[in-house]
Amino acid sequence: MADAAEIQGPSASPARRRLRRAGALLAGAPLLAGLLQLTAAEPAQAAPADSVSVALDSLTPSAPTEDDTLTVSGSVINNGRQSVTGAHVGLRVGPLLNTRSAIDGIAQHPDDLRGGAGDELGGKYTQKFGKLIPGVAEHFSISVPVDELDLGKDGVYSFGVSVSGKTSARPWDQMLGIERTFLPWQSSEADTKSRTTFMWPLISSVHMTARTGAGERQTPVFQDDELAREIAPGGRLAQMTDLGRDLDVTWVIDPDLLAAVDAMANGYRVQQPDGTSKAGSRENQDIAKQWLAGLQKAVADKEVVALPFADPDLASLAHTGTSVTGSLSHLKDATDVAALTVKTVLHVTPTTDFAWPVDGAVDPSIIKVATSAGADRVIARSDSLRESAGLPYTPSAARPIGGGTTAVVADARMSTAFEGDLTKADTSTLAVQQFLAQSLEANVQKDEQRSFVVAPQRTPTASQAQAMATAVKALQDGNWSQPETLTGAANAKPDPDATTRIPSTSAYPSSLRKQELPRSAFEQIADTQDKLDNFQVILTDQSRVVTPFGRAIDRGMSTSWRGQAAKADGFRTDVLSYLDNLGGQVKLIDKSETKLSGRSATIPVTVQNNLVQPVGHLYLRLSSTQPTRLKIAGKAYDEQPVEVSGGHSQSVKFTTSANANGRATVLAQLYTEDGQEYGDPVSFDVKVTEVTPTVMLVIGGGVLLLVLAGFRMYTQRKRAAARQAEEEGPDGAEADSADESGNPDDAGDRLPEESGSPAGAAGPDQPGDPAPDTAPESADPSGTGERVDR
């Protein structure tokens with residue numbers, strides 16, 4: 001069946017249907033007069049002012065077969081001001097729909113009374129209400145054997161639930177409300193079954209920051225506890241895991257989600273508004289462990305496709321990021337780490353050669369960026385890569401687009417069937433029936449097996465996930481489709497008549513372009529990467545910094561930031577400021593003015609390391625801004641290597657020499673081994689006080705006088721000792737006689753300095769006299785000792 005064809009298919013029992021129509025006409029004859037009273041401005045089938053809304057909450061089975069009993073349940077509510085009397089709810093089987101666009105028309109206006117509602121089954125397959133009071137909901141449930149529906153040819157039938165009754169303003173039986181949906185009818189196994197790939201996305205928003213604890217474990221810090229709520233029983237991701245376990249789907253996973261839950265399971269902290277962080281709860285750790293264990297079981301023996309880490313926004317990269325140097329390298333890094341993360345956490349080897357732009361919207365620049373990191377299969381969507389040849393059928397998903405790249409074109413109708421608010425049972429049921437109708441209609445278009453791909457929204461809500469699971473289960477239990485992996489769809493034989501022309505950049509939807517990351521975002525990311533490169537070279541354990549910041553940079557360009565520009569900017573700013581803070585932990589200590597007395601001195605400069613790990617590969621350069629006055633090691637500057645243990649400081653000493661008096665400014669700066677400046681410089685003044693020639697003469701003269709005075713004292717003592725020895729004689733007799741006579745010759749006439757004794761003191765032979773200050777000179781060498789330069 002072709003979309004271009006609008007021919008209505010026949011029913012299996014035309015005679016029976018004609019009989020029912022005749023009965024309906026006879027029953028409506030008494031109402032003809034009342035109908036003629038309606039004004040020309042109000043069509044006969046227009047919704048009356050006192051309408052009744054119908055909610056179809058359940059239709060089971062969704063795709064019935066011959067032996068089934070169809071059960072329809074829901075509710076009706078009178079929206080008017082008057083009560084409805086003689087009301088009843090009935091089932092209506094409409095015509096066979098021959099095109100996918102016909103399905104679209106009904107799905108857009110399911111409550112339109114003017115549409116083709118079909119004949120009401122009537123009889124016992126109705127539910128009556130004596131009165132419908134305004135604003136009061138009444139529930140109904142009707143069951144009917146499928147063979148009573150008179151379904152004929154396989155295909156999609158319009159199916160409605162209507163409510164009819166009377167009002168005081170319109171005292172005749174009339175249809176007051178309807179809810180139309182679809183009834184897929186494949187009575188037996190189809191001769192040709194389509195192959196359907198349903199992508200089951202496990203993707204979340206960004207939760208982890210770049211911050212980690214200072215300990216050996218580096219406990220990660222989360223922005224909030226929202227992830228714990230998503231993976232807790234009943235949460236969105238918990239339901240996605242539980243529902244997907246029993247389905248034949250291809251799991252499409254963001255490795256960042258796995259990394260975050262794995263980190264949570266091993267202990268984490270949560271950032272607080274005041275900048276501090278608190279420990280995550282033990283309960284949430286247990287929840288994380290349980291979710292990972294459940295996911296590991298769910299993906300066992302299933303195809304797992306790993307997106308690049310943090311699901312980078314390919315369109316933003318293509319349209320604004322490529323103009324900033326280095327942006328594409330982040331995509332390559334995110335792709336490289338993806339497989340390792342999935343394999344480590346889930347113990348399965350994922351496929352990493354698929355790229356998935358937002359909503360499958362592509363243009364040449366997006367294709368180029370998507371394949372730059374090694375992906376040779378790009379998941380597009382049929383509302384972007386549109387058919388231009390007017391094919392009367394839906395072609396297979398695989399499209400070779402050149403350069404060894406395959407565009408895997410997801411079906412837009414089936415992929416968007418589960419968007420919107422599906423929290424109500426009514427909207428969820430309609431979404432499921434619409435999806436199944438589009439799938440069956442696509443299959444009956446051509447007697448040739450084709451492969452279809454369904455790529456739903458990236459982050460389905462819990463209610464959307466439930467509707468998706470219901471639809472996939474019904475599809476897999478149906479008679480017209482069989483499951484296929486995403487890799488299988490990409491490898492399927494392409495249709496030679498299907499379009500392979502990539503739309504131009506100008507055709508990219510403006511609504512999506514408005515949500516892209518701006519150029520400033522990629523400039524900020526580039527600035528962060530430059531600072532990270534400069535910081536890591538001084539570290540002895542680079543992984544403690546490179547890993548958390550590298551992944552944080554990936555998160556800064558995540559697709560999940562679309563529509564959240566302020567939050568995205570705040571996240572990137574926090575990453576950069578935290579990196580600046582860490583880099584600032586290795587710094588030079590400020591130094592006050594230094595005084596230099598003399599022609600040379602040693603100046604210490606202190607380097608402080610407040611990191612927990614040692615740093616090295618640094619050089620400290622001390623430069624004189626006035627080398628004619630002050631030189632560093634005889635030059636304008638000097639530099640020395642620096643290595644500082646974690647939590648310590650180190651002083652580096654530089655030899656300086658002065659050529660003139662005055663103040664000279666000195667600049668201290670750290671450099672990495674590759675010559676890049678590190679941190680802020682420290683500037684301080686050196687005040688030079690040079691020793692003048694006059695002062696040197698005075699000091700020299702004083703030293704000379706001291707030497708001469710000492711030499712004179714030495715010679716006087718030598719002479720005094722010699723005279724005393726002559727007076728005593730060889731045996732000391734003269735000395736004895738002098739003592740006896742009481743006449744000591746002229747001893748009392750000596751000057752104290754000549755006798756070698758202080759004035760008034762006893763002679764040198766008296767007890768207690770000090771020994772001579774200077775011993776006789778000796779030619780022996782002096783002993784060893786430590787020499788200290790002053």
Side-chain angles (χ1 to χ4, degrees), residues 206 208-221 223 269 271 275-277 324-327 329-330 333 520-557 569-591 605-623 639-652 667-684:
V206 172
M208 294 179 68
T209 70
R211 301 173 185 270
T212 60
E216 190 66 28
R217 290 182 55 199
Q218 287 189 275
T219 304
V221 179
Q223 293 185 108
R269 301 186 68 82
Q271 194 166 345
T276 62
S277 65
V324 179
T325 303
S327 296
S329 64
H330 298 301
D333 293 341
S520 60
F522 292 98
E523 290 174 340
Q524 193 173 34
I525 289 172
D527 187 22
T528 303
Q529 185 63 58
D530 288 343
K531 291 185 176 181
L532 178 60
D533 292 341
N534 196 33
F535 182 39
Q536 66 176 328
V537 298
I538 74 169
L539 304 176
T540 55
D541 185 2
Q542 296 182 354
S543 63
R544 289 181 61 90
V545 171
V546 173
T547 299
F549 277 98
R551 302 293 72 81
I553 289 174
D554 294 337
R555 296 181 186 109
M557 49 194 281
D569 183 68
F571 176 84
R572 292 187 298 269
T573 300
D574 181 71
V575 172
L576 183 57
S577 62
Y578 182 53
L579 179 59
D580 286 337
N581 178 268
L582 281 184
Q585 300 304 306
V586 180
K587 60 183 180 180
L588 296 172
I589 300 300
D590 289 338
K591 193 173 180 66
V605 178
T606 303
V607 182
Q608 187 179 56
N609 174 22
N610 289 328
L611 298 175
V612 298
Q613 64 170 299
V615 297
H617 310 290
L618 279 171
Y619 284 89
L620 175 57
R621 178 181 297 180
L622 192 66
S623 305
E639 59 184 21
Q640 298 185 38
V642 176
E643 291 184 2
V644 188
S645 300
H648 288 76
S649 299
Q650 177 181 327
S651 293
V652 182
L667 191 68
Q669 175 68 62
L670 288 170
Y671 285 86
T672 58
E673 284 185 335
D674 57 359
Q676 298 295 317
E677 291 185 355
Y678 186 88
D680 296 329
V682 167
S683 176
F684 60 93

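Below, all heavy atoms of this structure are taken into account, side chains as well, without hydrogens, waters or symmetry copies. The first residue in the sequence is number 1, and the count goes up from there.
Interatomic distance, Gln613 CD to Gln542 CD, rounded to the nearest 0.5 Å: 8.5 Å. Here Leu620 contributes atom CG and Tyr671 contributes atom OH; the two are 10.0 Å apart, rounded to the nearest 0.5 Å. Rounded to the nearest 0.5 angstrom, Asp530 CG and Ile525 CD1 are separated by 12.0 Å. Here the straight-line distance linking atom CZ of Phe684 with atom CG of Leu588 works out to 9.5 Å at 0.5 Å rounding. Here the CG-CG distance, from Leu611 to Leu539, works out to 7.0 Å after rounding to the nearest 0.5 Å. To the nearest 0.5 angstrom, Gln676 atom CD is 13.0 Å from Ile538 atom CD1.
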Item to check | Step-by-step side chain to side chain contact (heavy atoms under 4.5 Å, CB included) determination, Thr573 to Gln524 | outcome: CA-CA 8 Å; Thr573 300; Gln524 193 173 34; 3.1 Å; yes
Next on the checklist: Let's go through Ser277 and Gln271 carefully: what are the C-alpha distance in whole Å and the side-chain angles of both, what is the deciding distance for side chain to side chain donor-acceptor pair (under 3.5 Å) to 0.1 Å, and is it a yes or a no?
Outcome noted: CA-CA 4 Å; Ser277 65; Gln271 194 166 345; over 6 Å; no
Item to check | Candidate pair Gln608 and His648, rule side chain to side chain contact (heavy atoms under 4.5 Å, CB included), full reasoning | outcome: CA-CA 6 Å; Gln608 187 179 56; His648 288 76; over 6 Å; no
Item to check | Asp580 and Lys531: CA distance, side-chain angles, deciding distance, salt bridge (Lys or Arg N to Asp or Glu O under 4.0 Å) verdict | outcome: CA-CA 8 Å; Asp580 286 337; Lys531 291 185 176 181; 3.0 Å; yes
Next on the checklist: Run the side chain to side chain contact (heavy atoms under 4.5 Å, CB included) test on Gln536 and Val545 for me, step by step, so that the C-alpha distance in whole Å, both residues' side-chain angles and the decisive distance to 0.1 Å come before the verdict.
Outcome noted: CA-CA 7 Å; Gln536 66 176 328; Val545 171; 5.7 Å; no
Checklist entry - Would Phe535 and Phe549 satisfy ring-ring contact (aromatic ring centres under 6.0 Å, His included), going step by step from the backbone distance to the final call? => result CA-CA 11 Å; Phe535 182 39; Phe549 277 98; 7.8 Å; no
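Here the closest heavy-atom approach between residue Val682 and residue Lys591 is recorded as CG1-N, 4.0 Å. Closest approach of Ser649 and Thr606 over heavy atoms only: CB-CG2, 3.9 Å. The minimum heavy-atom distance linking Tyr678 with Val586 is given by the pair CE2-O, 3.5 Å. Heavy atoms only, all atoms of each residue included: Ala552 and Val575 are closest at CB-CG2, 4.0 Å. In this structure, Ser327 and Val324 approach most closely via the heavy-atom pair OG-O, 3.0 Å. Taking every heavy atom of both residues into account, Leu622 and Ala668 meet most closely at CD1-CB, 3.9 Å.
Among Leu576, Thr528, Asp333, Leu579, the single residue meeting the side chain to side chain contact (heavy atoms under 4.5 Å, CB included) criterion with Ile553 is Thr528. Of the residues listed (Gln640, Gln669, Glu673), the one engaging Tyr619 in a side chain to side chain contact (heavy atoms under 4.5 Å, CB included) is Glu673, and it is the only one.
A heavy-atom distance below 4.5 Å is found between the side chains of Gln223 and Val206.
A donor-acceptor pair under 3.5 Å is absent between the side-chain atoms of Thr540 and the main chain of Val615, judged by distance alone. A donor-acceptor pair is defined here as one N or O able to donate and one able to accept, closer than 3.5 Å; such a pair exists between the side chain of Asn609 and the backbone of Ser645. Judged by distance alone, the side chain of Thr547 and the main-chain N or O of Arg544 form no donor-acceptor pair under 3.5 Å. A donor-acceptor contact shorter than 3.5 Å is absent between the side chain of Asp533 and the backbone of Val537. No donor-acceptor pair under 3.5 Å is formed between the side chain of Thr212 and the backbone N or O of Pro220. Arg572 places a side-chain N or O within 3.5 Å of a backbone atom of Gly556 that can act as its donor or acceptor partner.
With a 6.0 Å radius and a threshold of 12 heavy atoms from other residues, nucleotides or ligands, Asp527 has its CG atom above the threshold.
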